[in-house]
Amino acid sequence: MQIASLVAAETTPLVGLFALSIFGLALLSFGSGSNSLRQFLADYGVILLVAGVAIAAIVGIYLFLTGDEELAKQWLDQYGLLALFLILILEGAMLLYFAPSESLVPFSVTALASPDDIQAIAVIILVAVVGATIGQYALFSLAKRGGREYLLEKPWFRISEDSLDRFDGWFQRWGRIVVPVSNALLFTRGMLTVPAGFAEMRDWEFIVLSAIGTLIFQSWLAAFAIFTIELGLLDFLPF
């Protein structure tokens, strides 16, 4: 698959829809007299927007599984990388509750590339790393500027106070190295983002260390996907 097809101009309708959605939410947020609606949009507006793009990608998956391969490729070429990018932002910000994050890059490699298309695989990994790092930096910034109580009061922050204490202990014991190490491992990804913010780690340092860990994590996930394809374990799929 050519890289140009991954970022084809067919994304224009989606960009327009995305922009209109933002404009509509802005009107509701500033024009409505309902404080509860304004608070809901502030807490969940981004999740709703990204979920809409994710649905488009899910439709592409469904089309693959139901056999309409040509239309499926059109949908995945159009929405695949953009959906991956936006969903990984949510994953980095620890807001990804509707999909297993470990499956995102392996599926993208399977659907949007081939085992010998190193350039396309590199683009997929890069998109995932940039998206996840943006999400983690956003959460890091909230922790750094808002503080502990601010995050614990937010309905979308689903880490308990006891768990947060444990992660704080990890950071205090091991220091900055736990940021890339935790990002490179299953089950601990992103867990040290908030403690790093509480410790007022330098922004550029967090971004670099976060990206390194995510690069390692997404690279071995992509390698696993390639290994699975080469073993023929996915031959039952129509792509």
Side-chain angles (χ1 to χ4, degrees), residues 3 6-7 46-47 50 53 80-96 99-109 112-113 118-148 150-152 154 156-159 163-226:
I3 295 299
L6 294 178
V7 289
V46 174
I47 298 177
V50 176
V53 179
L81 278 185
L82 181 58
L84 177 67
F85 176 70
L86 294 174
I87 293 171
L88 260 296
I89 291 177
L90 288 186
E91 188 263 352
M94 302 184 73
L95 295 173
L96 188 64
S101 60
E102 293 80 9
S103 67
L104 296 173
V105 165
F107 174 78
S108 298
V109 169
L112 300 176
I118 303 302
Q119 190 177 16
I121 293 170
V123 169
I124 290 169
I125 293 173
L126 178 62
V127 168
V129 170
V130 173
T133 303
I134 290 173
Q136 287 198 352
Y137 178 67
L139 183 58
F140 166 84
S141 297
L142 285 177
K144 187 174 182 178
R145 293 161 175 77
R148 183 187 185 91
Y150 170 82
L151 284 180
L152 289 173
K154 291 298 180 181
W156 45 262
F157 188 71
R158 299 191 180 184
I159 299 177
S163 296
L164 194 56
D165 288 338
R166 184 168 68 254
F167 302 144
D168 271 332
W170 292 359
F171 191 90
Q172 295 300 324
R173 180 177 181 181
W174 301 106
R176 289 160 167 75
I177 191 63
V178 294
V179 174
V181 170
S182 64
N183 268 1
L185 300 175
L186 288 170
F187 310 118
T188 61
R189 270 193 53 74
M191 297 301 184
L192 277 298
T193 299
V194 171
F198 291 161
E200 297 188 352
M201 190 175 177
R202 288 175 292 183
D203 289 13
W204 68 266
E205 189 176 13
F206 174 81
I207 291 171
V208 170
L209 294 177
S210 172
I212 290 173
T214 299
L215 177 61
I216 296 171
F217 181 75
Q218 303 298 356
S219 295
W220 72 255
L221 285 181
F224 172 78
I226 294 170

Notebook entry, point to check: salt bridge (Lys or Arg N to Asp or Glu O under 4.0 Å) with Arg145: which residues, sequence neighbours excluded?
Noted result: Asp203

Check: Taking only residues two or more places apart in sequence or in another chain, which ones pass side chain to side chain contact (heavy atoms under 4.5 Å, CB included) with Ile134?
Finding: Phe85, Ile89, Val130

Note to self: Test of understanding: with side chain to side chain donor-acceptor pair (under 3.5 Å), list the residues that count as partners of Ser141, not counting sequence neighbours.
What the structure shows: none

Checklist line | All pairs passing salt bridge (charged side-chain N to carboxylate O under 4.0 Å, His left out) where residues 177-188 contributes a residue, at least two apart | finding: none

Item checked: Set of side chain to side chain contact (heavy atoms under 4.5 Å, CB included) partners for Glu205, sequence neighbours left out -> Arg176, Met201, Arg202, Leu209

Margin query: Suppose we screen for side chain to side chain donor-acceptor pair (under 3.5 Å). Which residues come up paired with Thr193, at least two apart in sequence or across chains?
Written below: none

Margin query: Going by the rule side chain to side chain donor-acceptor pair (under 3.5 Å), which residues pair with Arg166 if we only count those two or more places apart in sequence or in a different chain?
Written below: none

Next item on the list: Would you name the heavy atoms of Ala128 and Thr214 that are closest together and state the gap between them?
Entry: O-CG2, 4.4 Å

Next item on the list: Go through the structure and list residues passing ring pair (Phe, Tyr, Trp, His ring centres under 6.0 Å) with Trp174, not counting sequence neighbours.
Entry: none

Checklist line | Exercise: identify the closest heavy-atom pair between Ala120 and Ala113 | finding: CB-CB, 3.9 Å

Check: In Å and rounded to the nearest 0.5 Å, what is the CD1 to CG distance from Ile124 to Leu104?
Finding: 11.5 Å

Next item on the list: Could you tell me which residues satisfy side chain to side chain contact (heavy atoms under 4.5 Å, CB included) with Leu142, sequence neighbours excluded, listed by chain and number?
Entry: Tyr150, Leu151, Trp156

Margin query: Under the rule for side chain to side chain contact (heavy atoms under 4.5 Å, CB included), what residues qualify as partners of Ala222, not counting sequence neighbours?
Written below: Val105, Val109, Ile121, Ile125

